[in-house]
2 protein chains.
Amino acid sequence: MQKTTHGAKGESVVQALRTAIHGGRYVPGQRLVEADLTSELGVSRSLLREAFRILSAEGLIETVPNRGALVKRLSRREAMELFEIRMELEALSARLAAKNAASEPIRARFEEEICEVWDESPRISTAAYLAENERFHGAVFSASGNGQLKVLNGQMRLSLIMAQIANSLTASEIGKSINEHRAIAMAILQGDEAAADAGSRAHLARARDFVASMPDNVFRADPKPT
Amino acid sequence: MQKTTHGAKGESVVQALRTAIHGGRYVPGQRLVEADLTSELGVSRSLLREAFRILSAEGLIETVPNRGALVKRLSRREAMELFEIRMELEALSARLAAKNAASEPIRARFEEEICEVWDESPRISTAAYLAENERFHGAVFSASGNGQLKVLNGQMRLSLIMAQIANSLTASEIGKSINEHRAIAMAILQGDEAAADAGSRAHLARARDFVASMPDNVFRADPKPT
DNA sequence: ACTGGCAAAATTGTCCGACAATATTGCTGT
DNA sequence: ACAGCAATATTGTCGGACAATTTTGCCAGT
């Protein structure tokens with residue numbers, strides 16, 4: 001095993017920060033101080049700042065001039081806008097996946113990635129559900145066969161929304177979500193595009209309404225209240 | 001007028017590169033050498049590299065380890081995937097815009113931004129059409145009122161696709177495109193969501209088919225032809 | 001105690017120079 | 001025309017430097 005391939009360090013920094021944010025180790029709104037992170041990650045400011053740019057473009061962090069980077073905290077409006085978009089992208093993805101279900105390798109991969117969905121027992125923890133949720137949606141996007149779509153999915157900041165509302169998730173809500181996952185999975189595996197589309201939209205609509213029902217304090221205050 | 005607000009230089013570099021690429025001053029596939037650009041733009045390598053990361057995340061350039069940045073050249077597959085997505089996003093955007101047409105300020109702004117579409121005379125040049133095309137689609141996304149959607153639109157790399165096929169554009173194709181723009185604009189202004197949706201899809205489908213008809217050499221060779 | 005205000009400390013924006021690793025170019029002899 | 005190799009160009013990453021700006025901590029005054 002070689003040292004490092006001269007130029008993979010940058011990517012590893014990005015990855016480290018990404019998983020730290022996804023995993024909730026840095027919470028929305030938290031400030032990311034360069035000096036702290038450079039010593040913590042053992043990289044120079046140059047690399048860290050390049051990583052910030054990448055994460056910023058992904059929407060995971062945001063940078064305020066002269067104040068640096070902070071973990072993005074979505075406003076209610078942004079969250080709703082994202083759901084509006086997500087509904088279309090997920091529906092498209094589900095339709096494509098259903099069409100692709102005829103292809104054996106794609107189908108096999110998909111079935112393996114989502115197998116946990118068939119487990120009807122309650123989930124062990126909220127964190128476990130959040131991870132499963134990301135895996136499920138990721139699997140659908142992968143099965144869609146559209147690489148660009150999968151990239152765009154990464155920009156929908158699912159994990160940020162979840163991090164902001166995680167505390168309010170109830171077992172009942174989680175149960176509903178997983179039941180819907182199951183319905184979508186079945187539709188895809190049966191190659192039923194219309195059902196996959198409708199199931200995805202229903203799933204997203206319910207999730208959207210749930211998020212919409214959250215109190216203001218879980219969201220970043222919207223700019224310009226006149 | 002003050003010097004600069006301490007920290008706007010980075011953004012200006014990004015903007016300079018962006019417009020240079022959009023405007024075709026750097027062509028797809030062209031390599032972007034750091035040393036050249038730092039002296040040309042008068043900034044340090046640090047800033048230039050940060051700009052590269054941003055542009056890369058936007059999909060305008062791509063970076064190969066140890067070879068640096070080059071203007072992105074889309075493969076046929078990527079272009080088709082983007083059209084598939086764009087069809088959904090534009091249709092959504094058009095529906096939302098149609099719904100918003102009832103709002104006077106939004107409507108006024110939209111009408112102003114797309115006024116050129118009513119001009120039925122042939123366009124002065126391909127470049128003029130390309131600019132008009134971006135303005136039109138941008139206007140629809142703006143009128144949608146969904147900020148995230150507008151951001152996503154920027155990631156669809158319309159300008160890259162156009163740069164790759166610009167030479168093959170005929171006056172007839174341009175005419176068709178603008179007629180479709182007109183139809184979409186009318187549907188939006190009349191608040192006819194269904195027509196706006198259908199018009200957008202038709203427009204995108206035709207554009208997709210046209211791009212699909214291009215010969216292989218305008219695209220980047222696809223990886224893995226086994 | 002509380003508050004406004006100011007100086008000190010922390011932090012960011014930007015530049016520069018350095019050096020190893022890798023890629024590209026150009027020469028050499030055949 | 002060409003394989004091989006050396007010279008050169010370019011990227012990846014680091015560390016330091018310094019001005020502009022923000023944040024913090026302290027103090028006087030009411």
Side-chain angles (χ1 to χ4, degrees), chain A residues 1-18 20-21 26-58 60-73 220-221 223, chain B residues 1-18 20-21 26-58 60-73 220-221 223:
Chain A
M1 162 196 166
Q2 50 186 342
K3 187 86 178 302
T4 36
T5 27
H6 185 61
K9 212 167 175 183
E11 189 47 42
S12 85
V13 175
V14 175
Q15 196 49 42
L17 292 176
R18 212 184 335 238
I21 294 177
Y26 302 129
V27 307
Q30 180 174 347
R31 199 165 157 190
L32 300 172
V33 178
E34 295 182 1
D36 297 349
L37 294 190
T38 52
S39 67
E40 188 170 321
L41 299 174
V43 296
S44 64
R45 271 182 84 199
S46 329
L47 275 197
L48 184 65
R49 295 187 114 252
E50 289 185 25
F52 278 175
R53 299 310 179 166
I54 295 174
L55 277 304
S56 179
E58 280 176 22
L60 278 186
I61 69 179
E62 97 192 287
T63 65
V64 187
N66 296 315
R67 292 200 12 134
L70 41 161
V71 180
K72 173 96 184 169
R73 190 151 182 261
R220 190 192 60 190
Chain B
M1 163 198 165
Q2 49 185 344
K3 188 85 177 302
T4 37
T5 27
H6 184 59
K9 212 165 174 184
E11 188 46 44
S12 84
V13 175
V14 175
Q15 195 50 42
L17 291 176
R18 211 184 337 238
I21 295 177
Y26 302 129
V27 307
Q30 177 173 349
R31 201 166 157 192
L32 299 173
V33 178
E34 295 182 1
D36 298 349
L37 294 190
T38 51
S39 67
E40 189 170 320
L41 298 174
V43 295
S44 64
R45 269 182 84 200
S46 329
L47 276 197
L48 184 64
R49 294 185 115 253
E50 289 185 25
F52 278 175
R53 298 309 177 164
I54 294 174
L55 277 306
S56 179
E58 280 175 22
L60 276 186
I61 68 179
E62 95 193 289
T63 64
V64 187
N66 297 315
R67 291 201 10 132
L70 41 162
V71 180
K72 174 94 182 167
R73 189 149 183 264
R220 192 192 60 192

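All chains are named by letter (A, B, ...) in the order of the sequence lines, taking the proteins before the strands, and each is independently numbered beginning at 1. Bear in mind the structure is a predicted one, so any value in this text is a computation, not a measurement.
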(request) Pull out every residue in residues 27-44 of chain A that has a heavy atom closer than 4.0 Å to any atom of DNA chain D, ordered by number, or say none. (result)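 A:Arg31, A:Gly42, A:Val43, A:Ser44 - these, ordered by number, are the residues of the stretch whose heavy atoms sit under 4.0 Å from the strand.
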Nearest-Å distance, [atom1] ([X]) to [atom2] ([N])?
X       : N      : atom1 : atom2 : value
A:Asn66 : D:dT21 : CG    : P     : 7 Å
A:Ile54 : D:dG12 : CD1   : C1'   : 13 Å
A:Glu50 : C:dG13 : CD    : P     : 14 Å
A:Leu70 : D:dT23 : CG    : P     : 11 Å
B:Arg67 : C:dA23 : CZ    : C1'   : 8 Å
B:Arg45 : C:dG17 : CZ    : C1'   : 10 Å
A:Lys9  : D:dC14 : NZ    : P     : 4 Å

A side-chain contact here means heavy atoms from C-beta on lying under 4.5 Å apart; do [X] and [Y] qualify?
X       : Y       : value
A:Arg49 : B:Arg53 : no
B:Leu41 : B:Leu17 : yes
B:Val27 : B:Val71 : no
A:Arg73 : A:Glu62 : no

(request) Any chance you could lay out the side-chain contact (heavy atoms from CB on, under 4.5 Å) test for A:Gln15 and A:Arg18, step after step, and finish with the verdict? (result) CA-CA 5 Å; A:Gln15 196 49 42; A:Arg18 212 184 335 238; 3.2 Å; yes
(message) Closest approach to the side chain of A:Leu47, judged atom by atom: which nucleotide of D:dG12, D:dT22, D:dC14 is it?
(response)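 That would be D:dC14.
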(request) For B:Ile61 and B:Phe52, work out which heavy atoms get closest and say how close. (result)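 Looking at all heavy atoms of both residues, the shortest contact is CD1-O, 3.4 Å.
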(request) Could you pick out which residue, A:Arg49 or A:Ser46, lies toward the 5' side of DNA chain C when each is mapped onto its nearest nucleotide? (result)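 By nearest-heavy-atom nucleotide position, the 5'-most residue is A:Arg49.
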